[in-house]
Student: 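Take a look at the following structure, please.
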Amino acid sequence: MTAFYVTTPIYYVNGEPHAGHAYTNIAADVLARYHRLKGYDVFFLTGVDEHGANVHKSAENEGLAPQAYCDKMAPTFTKLWQRLNISHDIFLRTTSEMHKRGVRKFLTALEASGDVYKDTYEGHYCRPCEQFFPEKELTEEKICPVHQLPLEWVEEENYFFRLSKYQERLSSHIRENPMFIHLEPRRNELLSFLEAGLEDVSISRSSVSWGIPLPFDPRHIAYVWIEALSNYMTALGYETESERYQTFWPADVHMMAKDITRFHALIWPAMLMALNLPLPKHIVAHGWLTKDGEALSKTRGIFIDMDTDIATYGVDAFRYYLLREFSFGNDGDYRLSRLNARYHADLANDLGNLLNRVLGLVGKHFKRVPEPTTPGEFDDEVKAMHRETLQKLDALMETFAFDTALETIWGFVRRINRYIQQTEVWTLNTPEKRPRMGTILYNGLEALRIISVLIAPFMPDTADKIRQQLNLPVGANGFDTIATWGGLPKNLAIARGEPIFPRIDKKTRQKKASPPPSPKAAPKQKAEKSPSNLISFSDFQKLDLRAAKVIAAEPVEGADRLLKLQVDLGAEKRQVVAGIAAHYTPETLIGKQVIVVTNLEPVTLRGVESQGMLLAASGDSVVLATLETEVPLGTQIR
Ligand code: MSP
């Protein structure tokens, strides 16, 4: 199987994730899902960037130790990814041991390349960017071009990487590989930046304490950007050059927004060149998301209210809107009125109605999938469009043209609607015309089956909903299943359900948008009436229950009842102490999937820290709660 490795940036944890981050992760998710359905062996990485002065400062502001602060913030990202149906294979945290070990190996190799030297640095520094800006890029006022804040003059002893040495090689690589940097304007920007000459970059900070010390001089902390870039390899197991690393490096796609292309398209490849390692194939930078024409800004309170918009329109509509509305690579202005318009026009009318109409007619006249016995006008046109759509889609996905890809799929959806209209299928319910009616409806159903696969990378839940109504298996149905027309089994009983995109009127919108009443505002009477042994749903929601796997188990010395377990939660590993020694031997637990309460305060039991609790039936005997079938580690349980 061909490997496909796609990454997102690892996001700073000194703020909660917002729609800008969501945009990148949705785009990467679409690529990952598309390639899985195309039969690739996919690895999809996302994660968080937890080191550096900014994170340290935010932790201090909250009165927390940096690690505790990161532990609090990282789940805000995983929670959002879950809500958005992001199918990443790993959520990397830069405070994880695997990453730290990988970074040490990476820095040791970089130093051994001979391209690292020590010098004193003086320059204009932006703390929020964690970056020095060269004099030539600044105006008189010395303002950060990204944050528009005054820069600080910083002087410190740093280690440097000889980036300047790679100027020529970078230039030729970018010129010779037009798809290395996507889109064209971004490539040109970088080429002219390169022409102006590259300066060496510092790779350490002596004034920062929250980070990874350089293995060859621990008084210096690795510059957060250098450490962060290497995550794309450390996440694969670069440290041990694991099988996964061998399979997936170099990355196929590093997805990001245009703000961080320089780091990815210049510094990162140059360091890889120094290490004689292969370069990533595509650096894909999308545009900047704004809201009603204004830059997203926490301080100015300008944000995209994902919670409300998703509650109103659903996750798939949100994913669809972001990728359909904006030309991928260019900036995009998020407007609720446009989301609403797209929802009703493209989703409710075009797709929702098609499903409803075809299934309605089949239900009324046939109940089951009819036999396509009687070909007629327009059939060939529809079938030719199926083939064309598949071909076009491949080419568009290869060039990251998600908006045009969706437009192309919708061209097919609309063509089928027109087919139903042109053939006036509903008028064919006479004994002699009935076979033709059956054929047209078969074609309509077959088109819907094909559409369910075409849209699956973009709208996975909707794909499943359509398949459920067609009575077809849900889940990963590869593109090979729709390569030829006619794969829909005949005589299958259809299972028409609720409209997949119900219309949303103003009232519903407002209802969904209004914040839930605060506990204080809740009517008193109700509170008094509720029996004391009931908890509210929001109390229940406070519990963070997750699927985990036991990877090690041993008795706790001096405690007959206790076992010390190491459990893998996907994004992290934890130690949990459980009172199950009388019911389970350590060996039988290894590999078992269990349910862990992850947001309990840690406790120390017989001198051993327990960072969570396992769920178990605790009657006469203790039986661990497990899941009927295995699910990805870290999956939330509700
Ligand atoms: N930690 C670094 C990345 C290191 S990767 C080796 C960083 N983090 S960040 O939290 O600032 O994330 C930047 C990324 O967030 C952008 O490249 C983009 O993916 C996403 N976006 C943040 N705001 C955005 C918009 N307003 N619009 C679109 N994407 C945005 O840089």
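Positions are given from 1, in the same order as the sequence printed here. Indexing begins at 1, ligand by ligand and atom by atom, following the structure's order.
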Student: What is the distance from atom CD1 of I310 to atom CZ of F318, rounded to the nearest 0.5 Å?
Tutor: 5.0 Å
Student: Without swapping roles, check the side chain of D292 against the backbone of R335 for a donor-acceptor pair under 3.5 Å.
Tutor: no
Student: When rounded to the nearest 0.5 angstrom, what is the spacing between CD1 in I212 and OG in S204?
Tutor: 13.5 Å
Student: Which of the atoms in ligand 1, numbered in the order shown and given with their element, are less than 4.0 Å from a heavy-atom of D49?
Tutor: 1 (N), 2 (C), 4 (C)
Student: Considering the heavy atoms of G287, write down every atom of ligand 1 situated less than 4.0 Å from one of them.
Tutor: 28 (C)
Student: Which option, H286, H18, M255, owns the non-hydrogen atom nearest atom 22 (C) of ligand 1?
Tutor: H18
Student: Nearest to atom 12 (O) of ligand 1, what protein heavy atom do you find, and at what distance?
Tutor: Y11 CD2, 3.4 Å
Student: Which atoms of ligand 1 are found less than 4.0 Å from any heavy atom of L296?
Tutor: 26 (N)
Student: Can the ring centroids of W210 and Y69 be said to lie less than 6.0 angstrom from one another?
Tutor: no
Student: Pull out every atom of ligand 1 sitting under 4.0 Å from any heavy atom of I260, numbered as shown with elements.
Tutor: 17 (O), 31 (O)
Student: Tell me which one of Y12, W81, Y11, F303 satisfies ring pair (Phe, Tyr, Trp, His ring centres under 6.0 Å) with H21.
Tutor: Y11
Student: Starting from atom 27 (N) of ligand 1, locate the nearest protein heavy atom and write down its residue, its atom name and how far away it is, to 0.1 Å.
Tutor: L289 N, 2.9 Å
Student: Taking it one step at a time, do Y321 and D309 satisfy side chain to side chain donor-acceptor pair (under 3.5 Å)?
Tutor: CA-CA 11 Å; Y321 170 66; D309 293 354; over 6 Å; no
Student: Among protein heavy atoms, which lies nearest atom 3 (C) of ligand 1, and at what distance?
Tutor: I10 O, 3.2 Å
Student: Is there a heavy atom in Y232 that sits closer than 4.0 Å to ligand 1?
Tutor: yes
Student: Say whether Y12, considering both its backbone and side-chain N or O atoms, lies within less than 3.5 Å of an N or O atom on ligand 1.
Tutor: yes
Student: Which part of T8 is near ligand 1, with near meaning a heavy atom under 4.0 Å away: side chain, backbone, both or neither?
Tutor: neither
Student: W225 to ligand 1: N or O pair under 3.5 Å?
Tutor: no
Student: Heavy-atom contacts with A228 under 4.0 Å: which atoms of ligand 1 show up? List them by number with element.
Tutor: 6 (C)
Student: Considering the heavy atoms of D259, write down every atom of ligand 1 situated less than 4.0 Å from one of them.
Tutor: 13 (C), 16 (C), 17 (O)
Student: Over 60° means perpendicular and under 30° means parallel, so tell me whether Y238 and F106 are parallel, tilted or perpendicular.
Tutor: perpendicular
Student: Counting only heavy atoms, tell me which of A285, A28, G20 gets closest to atom 21 (N) of ligand 1.
Tutor: G20
Student: Would you check whether L229 has a nitrogen or oxygen atom less than 3.5 angstrom from a nitrogen or oxygen atom of ligand 1?
Tutor: no
Student: What is the closest protein heavy atom to atom 15 (O) of ligand 1, and at what distance does it sit?
Tutor: H21 CD2, 3.3 Å
Student: Take Y34 and F402 through the test ring pair (Phe, Tyr, Trp, His ring centres under 6.0 Å) and record every step on the way to the result.
Tutor: CA-CA 11 Å; Y34 173 77; F402 301 118; 9.0 Å; no
Student: Just verifying a value: how many Å separate K142 NZ and W153 CH2, rounded to the nearest 0.5 Å?
Tutor: 9.0 Å
Student: Please determine which of R93, H56, Q67 meets the side-chain hydrogen bond (donor to acceptor under 3.5 Å, both in side chains) test together with E50.
Tutor: R93
Student: So Y5 and W249, would you call those rings parallel, tilted or perpendicular, with 30° and 60° as cut-offs?
Tutor: perpendicular
Student: Which atoms from ligand 1 have a heavy atom of T24 less than 4.0 Å away?
Tutor: 18 (C), 19 (O), 20 (C)
Student: To the nearest 0.5 Å, what is the distance between CD (E111) and CZ (F161)?
Tutor: 13.0 Å
Student: Using a strict cut-off of 4.0 Å, indicate which atoms of ligand 1 neighbour a heavy atom of P9.
Tutor: 5 (S), 19 (O)
